[in-house]
2 protein chains.
Amino acid sequence: MTDQSEESAGELAAKLARLIAVRYPDEATRPGFAKLAQQIAEHSGTKISSTYLWELATGKKRNLTQGTLGTLARFFGVPPEYFLNEEVAARVDSQLELAAALRNNRVRSIALRAEGLSDETLDSILTMLSQARKIEKLPPLEEPGEAP
Amino acid sequence: MTDQSEESAGELAAKLARLIAVRYPDEATRPGFAKLAQQIAEHSGTKISSTYLWELATGKKRNLTQGTLGTLARFFGVPPEYFLNEEVAARVDSQLELAAALRNNRVRSIALRAEGLSDETLDSILTMLSQARKIEKLPPLEEPGEAP
DNA sequence: CGTGACCATCCGCTGTAGCGGATAGCTCGG
DNA sequence: CCGAGCTATCCGCTACAGCGGATGGTCACG
C-alpha cells in the first residue's frame, strides 16, 4: 500500500457523468455533448470539442492535460483536485448531492421551512423521512462523521 | 477578476526548480536531471525521462498530463494541486521554506529546543531573532494568518 | 593526456490528447 | 411520409506530451 491514487479505471468517466447529472438534473432537458461543449466555450473562453467530451465520458480517453482539467473544473464549479484526489472527490460529492437535491423546488422549500426548528422536531422529521425513503425503496443516506 | 488561474507563464518551471532546490539543498551534491529521473523511477515505479524533466524545468514543455503530474507530486511530497492552484502553492511554499531551513542542523536544534517553552519566552526569542535578521540584512518573515 | 563519470542541451521519433467532419438513429411538426 | 433538428458514435487527422539516443562540455583519477 505504498500508493493510493492508482486503479482509477473508469473513475474519471463516472465523475464527469455525475457532474453533468448534477448540473442538469432534468434528464429530459439535459443537453447533449454538442450543446455542452458550446456552453463550456461560452463560459470559459476555452473550447473543448463535443467528441472529446464524449470520449472522456465513455472512458475512451482518460489522461487529461493540465489545461483541459482546469477548464472542466471551472465550468462545473469544482476544484481541479476533484479529478485527481479521491478524498476530495468524496467530500465534494456530498456537497453535489445537496446541490442536486436543492434543484427540486419542493425539496428546497422543505429545507427552508426546516431552518430554525428545534432539534427535537428536526429529529422526528428526519425519522419520518427515513421511513419514507424505506417505503419508496430509496437507499438510506449516511451522515458523514468527523474522522479523528 | 473572473479568472484566477491564468498567466502561468514559466510558473511550472519555477515551481519545479524550487522543489528540486528544497529537496537537495546542497548545490554541489545536487543530482542532475539524469540521476533525478532515476530516483523518481525507483521511488514511484513510474518513469520520467531526464530529457523531459529538463524540458519542464526550462519551460519548453508546460502542459502536464494527469499522470506525470501525480508522479512528480508524489516524489516531491507535495499535493498535486501545488502545480495547479497558486493559493495552495503559496501555502505549501512556506512549509517548504521550513523544510529547507531544518536541513541546517543548527536551525533544527534551535527548533527542537524551542519546543515546549512558554509563550512568553518564545515571544522574546522571536523578538531577538527579528533583531538579528535586521542586523544581518535578511528580509523579515511574515507569519501567515487564518483567512476567515 | 586519456578515459570514464557526470552534466546540460539538442534532435528526431512515437503515442496519444484533442479536434473536425462524417454518419446513422431518434423525435418532432407539417 | 419527409425533412429539420437533435442526438450518440465513429474515423482520420494534427499537435504536442514525453522519450531515447546523440552531442559536446567539465571535472577527477591513474
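Atom set for the values below is all heavy atoms of this structure, side chains included, hydrogens, waters and symmetry mates excluded.
Atom CG in A:Leu16 sits about 15 Å away from atom C1' in C:dA17, given to the nearest Å. Computed from coordinates, the B:Arg30 CZ to C:dC7 P distance equals 12 Å when rounded to whole Å. The separation between A:Asn63 atom CG and D:dG18 atom C1' is 11 Å, rounded to whole Å.
Taken residue by residue, residues 38-56 of chain A places heavy atoms nearer than 4.0 Å to DNA chain D at A:Thr51, A:Trp54.
A donor-acceptor pair is defined here as one N or O able to donate and one able to accept, closer than 3.5 Å; such a pair exists between the side chain of A:Arg62 and the backbone of A:Gly59. For A:Lys61 (side chain) and A:Tyr52 (main-chain N/O), no donor-acceptor pair under 3.5 Å exists by modelled atom type. A donor-acceptor contact shorter than 3.5 Å is absent between the side chain of A:Arg30 and the backbone of A:Ile20. A distance-only check finds a donor-acceptor pair linking the side chain of B:Thr65 to the backbone of A:Leu64 [under 3.5 Å].
Among all heavy-atom pairs drawn from B:Leu53 and B:Leu16, the shortest one is O-CD2, 4.1 Å.
Residue B:Lys35 has a polar side-chain atom (N or O) positioned under 4.0 Å from OP1 or OP2 of C:dC6. For D:dT9, the OP1/OP2 oxygens have no side-chain nitrogen or oxygen of A:Thr58 closer than 4.0 Å. Between B:Thr65 and C:dT16 there is no side-chain N or O to OP1 or OP2 distance below 4.0 Å.
In terms of position on DNA chain C, the residue among B:Lys60 and B:Gly32 whose nearest nucleotide sits closer to the 5' end is B:Gly32.
For B:Lys60, the side-chain contact (heavy atoms from CB on, under 4.5 Å) partners are B:Trp54, B:Glu55, B:Thr58, not counting sequence neighbours.
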